[in-house]
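These numbers come from a predicted model, not from an experiment.
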Amino acid sequence: MLRSSSSISRLPLDFLAYKYFADLNNSKLAVQQSLALIGFINPSRRLCDSLTSEFSFPYDLISSINTCFSVLACKKIHAQVIKTLNYRDGFIGDRLVSLYTKLDHLQYAQNLFDEMPDKDLVSWNSLISGFSKKGELINCLNALYRMRLEMGLGPNEVTLICILSACTDTGAFLEGVYIHGIAVKTGLINETKLVNSLINIYGKFGCLDLARLLFSTMQEPSLVSWNSIILVFVENGVSDEAVRMFNMMKRVGVNPDQATIVTLLQGCGDIGIINLAETMHGYILRAGLDENIAITTSMLSLYSKSGKLDSSKMLFEGMKDPDRIAWTAMIGGYSMHGRGKEAIKYFDLMVKRGLKPDHVTFTHLLSACSHSGLLIEGKRYFDTMSSVYGVEPKLDHYSCMVDLFGRSSCLKEAHDLIKKMPMEPNHGVWGALLNACRISNNVELGKEVAEKLFILNPYDQRNYVMLSNIYSAAGHYNDALKIKSLMKKRGVVRTVGCSFIEHRNKIHRFVVGDRSHQETHGFYLKLDELIKKIEVVGYKPMTKLVLHDVNEDVKVEMIKEHSEKLAIAFGLLVTEEGVPLVITKNLRICGDCHSMAKFVSLTEAREIIIRDVKRFHHFANGLCSCGDYW
DNA sequence: AGGCGTCCAA
């Protein structure tokens, strides 16, 4: 993998011109000609004149570099450096290397770097850092190799930190481990910041034990170390461990900061962490952090994830000066709850206030359109996002659009959009199309798409289940069975659907046909009673959804014991009249359970809120907030 | 004097 020369291609003419003129002399003309030849500048009259008058080297140059936001300005400074032929003054060469990469000009950075005399470790780090920020891992490793080969230089902790960050960004686990090895060999493993990066990367790849081990070997973990290990646990869904670390850090006298709080708030949505939100809220108030915009935004987002959209809205309205992220969070909240019209309203309002939406804002906006079936609006925003708002559509946006077309039964449009994509579609895009095939009952295309997905993500059970459902719905039970055995053969495990409901500070968990709960007898009776009652007002079991080729009575029985229904029956059994039921489902809600919840909300006069893996469903008076569109 | 770690929306 390591090669001795840079994999950045260079244009020989540019290079020669640069070298020739830079070495030749430092006359004004030579500088201009060299810069023009290598395409660094367009030597307008004004620029030429400004070269002599604008800077007096080096201190003005250094201060100008800090306020330099355009490539042209950077090139002007560079021109001045070429003219005076002094890269070391004020470390101007290193600064320029960083600057060029920040401005997305890796090639210029590399050219400049190669021309610099007297490179030291920090110069190499500047280059590696630049590559790392652009996700150029190969170039990072290449530079690491070259610095030893050409100058006998070994890395320091900064070098390794930069490379690790590139490993994390590109999903390069083995390379990360390789860097860990170098850290151990060079003795750099005692550097706190480096260990923080290692903890981070192990967490990102789900190696909780390694992350924990690294943390426990630290002599003196910093605030960031604590934040990193807490993040590892939250990201991997073990927020109770995160809470333990939080308490421990306070005990040893490390003061939590904004990052700690924001991270833990993220974990508050996890199942089983009932009191964490209250704990955090108390802490935020005591620490006087309730005005902090990042923390408020996290709270806002947490509320909408917990089904309390009104609270999100209140928090948002109380914000002094909501930024793009806060607005985006609000749009995301409306999207998740299927309130597309309001999402659009907030988007338009945000633009009116002069805030610039980014690609995340558009992801939420488009998914809001998709969740509410707003085909025309979605198309309009998608078509104008680049021209009017300057945001280029990415993979996520294409997924949303495929989803939107698919749910609106425009399978052909969905497929055509994919064919027109300027980049290679990923599993998200194909997955949306597979779901579209399910909605349109298109077995042929579904099979084709699923084959692609099986290659892209052979261990993702959702694709197998989806295809098997498509077959079953069309009555092709044999094909459905074949998919099941294929899963078995490949060792793909189907996720068991389960529903959760919170009651008296306890999480009650149900799977299909569950009889392990101590209230089993009670809520099964309740369930029978409910079914009888709703059948009178028109409920009919959707037995078509049962995938097995069994007779009708068995199908009715199978569908009746779905986890959602058990949770609803349990909830009605143990709560007071009029208390809304809040249920969480780990997969998408089943169509029959959706219908059942609608009827129950009517006959029992109860609000039922079900959060599934995709979005929220608010059932009341026999209707659902999603308008049966999900 | 220059290069570096965690965190809010997906």
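Atom CG in A/D323 sits roughly 9 Å away from atom C1' in B/dA9 (whole-Å rounding). The nearest whole Å value for the distance from the CD1 atom in A/I325 to the C1' atom in B/dA9 is 6 Å. The CG atom of A/N426 sits 13 Å away from the C1' atom of B/dA10 (whole-angstrom rounding).
Across all strands, A/S165 comes closer than 4.0 Å to no nucleic acid atom at all (heavy-atom distances). Among the heavy atoms of the strands, none lies under 4.0 Å from A/H359. Looking at heavy-atom distances under 4.0 Å, A/V224 makes contact with a base.
Within a heavy-atom distance below 4.0 Å of DNA chain B, the residues of residues 193-204 of chain A found are A/K193, A/N196, A/S197, A/K204. Non-hydrogen atoms lying under 4.0 Å from DNA chain B are contributed by A/K305, all within residues 305-321 of chain A. At a non-hydrogen distance threshold of 4.0 Å, nothing from residues 332-350 of chain A comes into contact with DNA chain B. Of the residues in residues 291-300 of chain A, A/A294, A/S298 come within less than 4.0 Å of DNA chain B through at least one heavy atom, sorted by number.
With sequence neighbours left out, the ring-ring contact (aromatic ring centres under 6.0 Å, His included) criterion links A/F347 to A/F362, A/Y381, A/Y389. Under the rule for a side-chain hydrogen bond (donor to acceptor under 3.5 Å, both in side chains), A/E157 has no partner lying at least two apart in sequence or in another chain. Partners of A/D290 by salt bridge (charged side-chain N to carboxylate O under 4.0 Å, His left out), not counting sequence neighbours: none found. Applying the ring-ring contact (aromatic ring centres under 6.0 Å, His included) rule to A/H364 yields no partners; only residues at least two apart in sequence or on another chain are considered. With sequence neighbours left out, A/R611 forms a salt bridge (charged side-chain N to carboxylate O under 4.0 Å, His left out) with no residue at all.
For residues 200-213 of chain A, the side chain to side chain donor-acceptor pair (under 3.5 Å) pairs, not counting sequence neighbours, are A/H180-A/Y202, A/N200-A/K204, A/K204-A/E235, A/R212-A/E241. Applying the salt bridge (Lys or Arg N to Asp or Glu O under 4.0 Å) test to residues at least two apart or on different chains, none of the pairs has a partner in residues 392-402 of chain A.
Between B/dT6, B/dA10, B/dG3, one nucleotide has an atom nearer to the side chain of A/V360 than all others, and that is B/dA10. The side chain of A/S301 sits closest to B/dA9 out of B/dG5, B/dG2, B/dA9. Side-chain atoms of A/S98 lie closest to B/dG3 of the nucleotides B/dC8, B/dG2, B/dG3.
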If you look only at distance, which donor and acceptor atoms sit under 3.5 Å apart when one is on a side chain in residues 316-327 of chain A and the other is two or more places apart or in another chain?
unit_1 : atom_1 : unit_2 : atom_2 : d
A/K320 : NZ     : A/E291 : OE1    : 2.5
A/D323 : OD1    : A/I325 : N      : 3.3
A/D323 : OD1    : A/A326 : N      : 2.9

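Between A/W124 and A/F113, the ring center distance clears the sub-6.0 Å criterion.
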